[in-house]
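Remember, it's 1-based here, ligands and their atoms both numbered in the order they're listed.
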Amino acid sequence: MTLISIGVPCFNEEKTVLIFYNEILKVFSDLDESLKFEIIFIDDGSKDDTFKVIKDISKKDERIKYIKFSRNFGKESAIYAGLKNSKGDYVMTMDADLQDPPALLPEMVEYIKSGYDCVATRRVTRKGEPIIRSWLSKLFYRTINKLSEVEFVDGVRDYRMMTRAMTDSVLSLTEYNRFSKGLFAWVGFETKYLEFENIEREEGETSWSFFKLVKYSIEGFVSFSTSLLSIAIVLGILFSIISMVIILFIVINDLLYSNPVPGWASTICSILFIGGVQLFCIGLLGLYISRTYLETKKRPIYISKEEKL
Ligand code: UDP
Ligand code: MG
C-alpha cells in the first residue's frame, strides 16, 4: 500500500474546499486500489467559514486531517505545515482553488514510480492574468536565474509530488523566511516538469495583491542570491573612477585657466545622484540584515490553534 499525503493551504476558501475534496475523491476512485490518500487542510487564519467546512468533511472522512493556524501566517508557512505533518510515502502540495488540476495526479504517480524524486508542474500560459503582471513575472525569472545558483523554472507552481526522501530534505531547511520554490530547487533531486495551461480560479478571489507579489519576489532574491550586495561594490568602484577623472579635469582646468566657480547646477545634480545611489545601497544592505535579524530570533514558522492529525 502506498500513502499519498496532500497538503492544502486554505485562506478564505469556504466556497472551494468542498469542491476540491470531491475532485480528489473522483481522481482516486479511478486510481489503483493500492494507492491511499490523506488530505491535510491548513486553515491559514481564514476570516470566513473555511474551518467549519473542513471540520465537517473531516468528521465524515477520517482521511481528512487539519491544522488551524492561530492567525494568517502566509502560504509558505502553510506549505511547511503540510509537509511537516504528512505521513505519506509520496507528499504533495496543492492549492484549494483547483487551479492546480487534480487530473495530473495519475501521471505524477507514474513518473515517481518510474524513478523520479519529484514531479512538479508549470503553467505554460498565463491566461486571465494582467499583461503587466505576466511581464513582470517573466522579468523576475530571467533576473533571478542570472543571479542565483539554483535554477528557477518559469511558471513553476508549488503544486508537486515528492518522495519521502526529498520531503525530509526540504523539511531539514528550517529557515524562517521561506521561499518554497527556491527550497525545492535547492535540495536538488531529479525533478520532472509537467506542463499545463492556466486555469482560472473555481470560486472566490486570489489573495495576491500586486504589492504582495512584489514582496514575494524580493524574498526570492534575498533568500537565494547575495549577488545584489555586489551592486554596491560595483557602483562604488565606478563612481570612484569617474570622480578621479573629474577631479583631474578640475585641477588642470583651474591651474591653466583659473576659472571662477561655474557650474553649480552640475554640482547639485551629482550630489543628488550619488546620494540616491548611496541610499539605495544602504536599503539593499538593510534587506539582508533584516532577514538575518528575523532568522536569529528563531521564531516558529507557524502556531497551530487546533489540529487533527
Ligand atoms: N493561501 C494561503 N495563505 C495566504 C494566501 C493564500 O494559505 O495568505 C492559499 C490559498 O487558499 C490557495 C493558495 O494559497 O489555496 C493559492 O492562493 P491564491 O489562489 O490566492 O493564489 P494564486 O492562485 O492567485 O497564485
Ligand atoms: Mg489560485
Side-chain angles (χ1 to χ4, degrees), residues 5-24 39-54 57 64-86 92-102 104 120-134 136-138 140-141 152-160 176-181 183-184 196-217 219-220 301-307:
S5 301
I6 311 174
V8 188
C10 303
F11 177 61
N12 296 342
E13 301 280 5
E14 60 179 5
K15 291 187 192 134
T16 53
V17 166
L18 190 61
I19 311 177
F20 174 85
Y21 168 68
N22 287 327
E23 282 296 316
I24 294 293
I39 300 181
I40 306 155
F41 284 112
I42 298 102
D43 178 11
D44 185 12
S46 299
K47 299 265 181 297
D48 61 5
D49 279 336
T50 305
F51 188 56
K52 195 175 159 294
V53 182
I54 295 173
I57 305 173
I64 308 306
K65 325 273 166 69
Y66 57 76
I67 304 169
K68 181 181 169 55
F69 283 1
S70 60
R71 64 168 169 87
N72 177 254
F73 279 88
K75 187 183 176 190
E76 295 294 330
S77 306
I79 292 178
Y80 175 80
L83 298 181
K84 187 156 171 55
N85 294 288
S86 64
M92 300 183 66
T93 299
M94 216 168 161
D95 286 1
D97 57 11
L98 291 173
Q99 278 187 306
D100 296 336
L104 290 178
T121 56
R122 56 185 286 253
R123 286 189 301 186
V124 283
T125 55
R126 291 175 168 271
K127 198 174 60 182
E129 206 184 63
I131 296 172
I132 176 91
R133 197 161 144 177
S134 308
L136 281 176
S137 135
K138 282 227 168 67
F140 167 76
Y141 282 106
F152 290 80
V153 178
D154 186 5
V156 73
R157 307 269 310 166
D158 293 318
Y159 178 31
R160 59 179 61 226
Y176 179 76
N177 297 285
R178 301 186 77 76
F179 187 74
S180 293
K181 286 183 181 145
L183 299 177
F184 292 140
F196 70 94
E197 306 239 323
N198 192 30
I199 300 164
E200 293 194 30
R201 221 169 203 287
E202 191 68 22
E203 282 286 348
E205 264 169 49
T206 174
S207 39
W208 287 91
S209 63
F210 184 73
F211 181 65
K212 258 185 162 177
L213 277 174
V214 172
K215 249 181 89 183
Y216 182 66
S217 329
E219 188 63 55
I301 294 166
Y302 68 88
I303 291 172
S304 116
K305 185 176 164 195
E306 196 179 329
E307 56 190 32

Q | Spacing of CG belonging to Leu183 relative to CD belonging to Glu76, to within rounding of 0.5 Å | A | 7.5 Å
Q.
Can you name the atoms of ligand 1, numbered from 1 with element, that are less than 4.0 Å from a heavy atom of Gly74?
A. 3 (N), 8 (O)
Q. Sorted by chain and residue number, which protein N/O/S atoms are under 2.8 Å from the Mg ion (ligand 2)?
A. Asp97 OD2, Gln99 OE1
**Q.** Spacing of Tyr66 atom OH and Cys10 atom SG [to the nearest 0.5 Å]
**A.** 13.5 Å
Q.
Using a 4.0 Å cutoff against the non-hydrogen atoms of Asp97, which atoms of ligand 1 qualify?
A. 19 (O), 23 (O)
Q | Those atoms of ligand 1 less than 4.0 Å from some heavy atom in Cys10 | A | 7 (O), 11 (O)
Q) Could you go step by step and tell me if Phe73 and Ile301 meet the side-chain contact (heavy atoms from CB on, under 4.5 Å) rule? A) CA-CA 8 Å; Phe73 279 88; Ile301 294 166; over 6 Å; no
Q. Can we say Asp95 and Lys75 salt-bridge, meaning some charged N sits less than 4.0 Å from an Asp/Glu carboxylate O?
A. yes
Q: Around atom 8 (O) of ligand 1, find the nearest protein heavy atom and jot down its residue, atom name and distance.
A: Asn72 ND2, 3.1 Å
Q.
Looking only at protein heavy atoms, which one is nearest to atom 6 (C) of ligand 1, and what is the separation?
A. Ser207 OG, 3.3 Å
Q) Which atoms from ligand 1 have a heavy atom of Asp95 less than 4.0 Å away? A) 13 (C), 15 (O), 16 (C), 23 (O)
Q. Considering only protein heavy atoms, which is closest to atom 23 (O) of ligand 1, and at what distance to one decimal place?
A. Gln99 OE1, 2.5 Å
(Q) What's the separation between atom CG in Asn85 and atom CD1 in Ile42, rounded to the nearest 0.5 Å? (A) 8.0 Å
Q: Answer yes or no: does atom NZ of Lys212 have more than 12 heavy-atom neighbours from other residues, nucleotides or ligands under 6.0 Å?
A: yes
Q: First locate atom OG of Ser209, then atom NZ of Lys215, and finally report the distance between them rounded to the nearest 0.5 Å.
A: 9.0 Å
Q) Any sub-3.5 Å donor-acceptor pair from Thr16's side-chain atoms to Glu13's backbone N or O? A) yes
Q. Who's the nearest protein heavy-atom neighbour of atom 15 (O) of ligand 1, and how far?
A. Pro9 O, 2.8 Å
Q) Got the closest protein heavy atom to atom 21 (O) of ligand 1, with its distance? A) Trp208 CD1, 2.9 Å
Q.
To the closest 0.5 Å, what do you measure between CD1 (Ile24) and CD1 (Ile6)?
A. 4.0 Å
Q: Just say parallel, tilted or perpendicular for the rings of Tyr159 and Phe196, cut-offs at 30° and 60°.
A: perpendicular
Q. Do Phe41 and Tyr21 have ring centroids that are under 6.0 Å from one another?
A. no
Q) Can you tell me the protein heavy atom closest to atom 3 (N) of ligand 1 and the distance? A) Asp44 OD2, 2.6 Å
Q | Per-atom contacts of ligand 1 with Glu13, taking only distances under 4.0 Å to non-hydrogen atoms | A | 10 (C), 11 (O), 12 (C), 15 (O)
Q) Would you say the side-chain atoms of Arg178 pair up with the backbone N or O of Ser77, donor to acceptor, closer than 3.5 Å? A) no
**Q.** Taking atom 18 (P) of ligand 1 as the reference point, the nearest protein heavy atom with its distance
**A.** Arg201 NH2, 3.6 Å
**Q.** Closest protein heavy atom (residue, atom, distance) for atom 1 (N) of ligand 1
**A.** Phe11 CB, 3.7 Å
